[in-house]
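Notes to accompany the following structure.
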There are 2 protein chains.
Amino acid sequence: MRKSRPPALQKTAPVFAALGDPTRLRLIAALCAGGALSIAQLTAGTAITRQAVTKHLEVLADADLVHDVRHGRERLWELQPSRIDEARRALDAIAAQWDQALQRLKAFVERKPSS
Amino acid sequence: MRKSRPPALQKTAPVFAALGDPTRLRLIAALCAGGALSIAQLTAGTAITRQAVTKHLEVLADADLVHDVRHGRERLWELQPSRIDEARRALDAIAAQWDQALQRLKAFVERKPSS
DNA sequence: CTGACATGCAACCATGGAGTTGCATGTTAG
DNA sequence: CTAACATGCAACTCCATGGTTGCATGTCAG
């Protein structure tokens, strides 16, 4: 049985880190729009090198946000649905705590009108 | 009419980047739990220096996730509600596109049974 | 006023991330 | 077989980031 650890926020840091780069967000957007794309396709239209794109894709893959499929001489990349959902839940959790904290803070302030 | 473009994913990158560090996630968690805390309080119990904590707080502040309030000789930090909500909406947007992409892909695959 | 406490500031270091280039390898089309 | 195309691999540069230390400043308590 697993310890019902409430936060486990730390675990999600790598996912956020992977999402925290404009180039990678663009790759994700492209994959959202284009289904499975090859490295060459993902590189076309960008200002950066194919190698740079490859590295970014590997970062995303490490965070389980995308995965690759070999197809002949090409390597196609596509989205990994499950992980994004986890990230979203994590953000929801943070937001929930956030709200609680604000409620608490607000209550505290109101209960103590004059210093 | 404007193309209903998924509102500038790029814009949210800094927020994700700010969240993409375990130390910063811990600070956020601490602020969630503790309301407004001073730098010294946030430093206590961690393995890193007060200066390091200060720098992380400034990163979070740059992303508008927290803000500071001067209080005498102390500098108290507290959460900034609005931004997290934006990040959450961004993730929801990504997830929505994600789902659409998967639907489309699924439809495509099913329409083309034998290659 | 004076000491103790909470920070601010600046210089400095080390690492890792983002990007590049050059060359090797695998694959598909003629 | 061979040329062209899509990648893989490795070495190298550059700079932002995470962290440190040392010292200066502002502020509260007595």
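Note that these values count all heavy atoms, side chains included, but never hydrogens, waters or copies made by symmetry.
- Remark: C1' of C:dG22 and CD of A:Gln51 are 10 Å apart, rounded to the nearest angstrom.
- Summarising the geometry, the separation between CG on B:Leu76 and P on C:dC5 is reported as 18 Å, rounded to the nearest angstrom.
- Residues meeting the side chain to side chain contact (heavy atoms under 4.5 Å, CB included) test with A:Asp68, sequence neighbours left out: A:Arg70, A:Arg75, A:Trp77.
- Between B:Thr49 and D:dT20 there is a side-chain polar atom (N or O) within less than 4.0 angstrom of OP1 or OP2.
- Taking every heavy atom of residues 54-63 of chain A and every atom of DNA chain C, pairs under 4.0 Å involve A:Lys55, A:His56, by number.
- Applying the salt bridge (Lys or Arg N to Asp or Glu O under 4.0 Å) test to A:Asp62 and every residue at least two apart in sequence or in another chain returns nothing.
- Note on B:Leu79 and B:Val59: separate hydrophobic clusters, where clusters join Ile, Leu, Val, Met, Phe, Trp and Tyr whose side-chain heavy atoms are under 4.5 Å apart, directly or indirectly.
- In this structure A:Arg73 satisfies the side chain to side chain contact (heavy atoms under 4.5 Å, CB included) test with no other residue, sequence neighbours excluded.
- If you take CG of A:Leu42 and P of D:dG8, they are 12 Å apart, rounded to a whole angstrom.
- Residues satisfying the side chain to side chain contact (heavy atoms under 4.5 Å, CB included) test with B:Ala63, not counting sequence neighbours, are B:Ala18, B:Leu65.
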*What one-letter contact string describes nucleotides 24-30 of chain C from 5' to 3', where B marks a base within less than 4.0 Å of any protein heavy atom, S marks contact via sugar-phosphate atoms alone, and - marks no contact?*
--BBS--

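- Contact annotation for B:Ala40: backbone-only contact, meaning every heavy-atom pair under 4.0 Å involves sugar-phosphate atoms and none involves a base.
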Which atom pairs, donor and acceptor, lie under 3.5 Å between side-chain atoms of residues 40-54 of chain B and protein residues at least two apart or in another chain?
residue, atom, partner, partner atom, Å
B:Gln41, OE1, B:Ser38, N, 2.8
B:Gln41, OE1, B:Ser38, OG, 3.4
B:Thr43, OG1, B:Ile39, O, 2.8
B:Thr46, OG1, B:Thr43, O, 2.6
B:Thr46, OG1, B:Ile48, O, 3.4
B:Thr54, OG1, B:Arg50, O, 3.0

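- Comparing the axis of the opening five pairs of the helix from C:dC1-D:dG30 to C:dG30-D:dC1 with that of the closing five pairs yields an angle of 30°, rounded to 10°.
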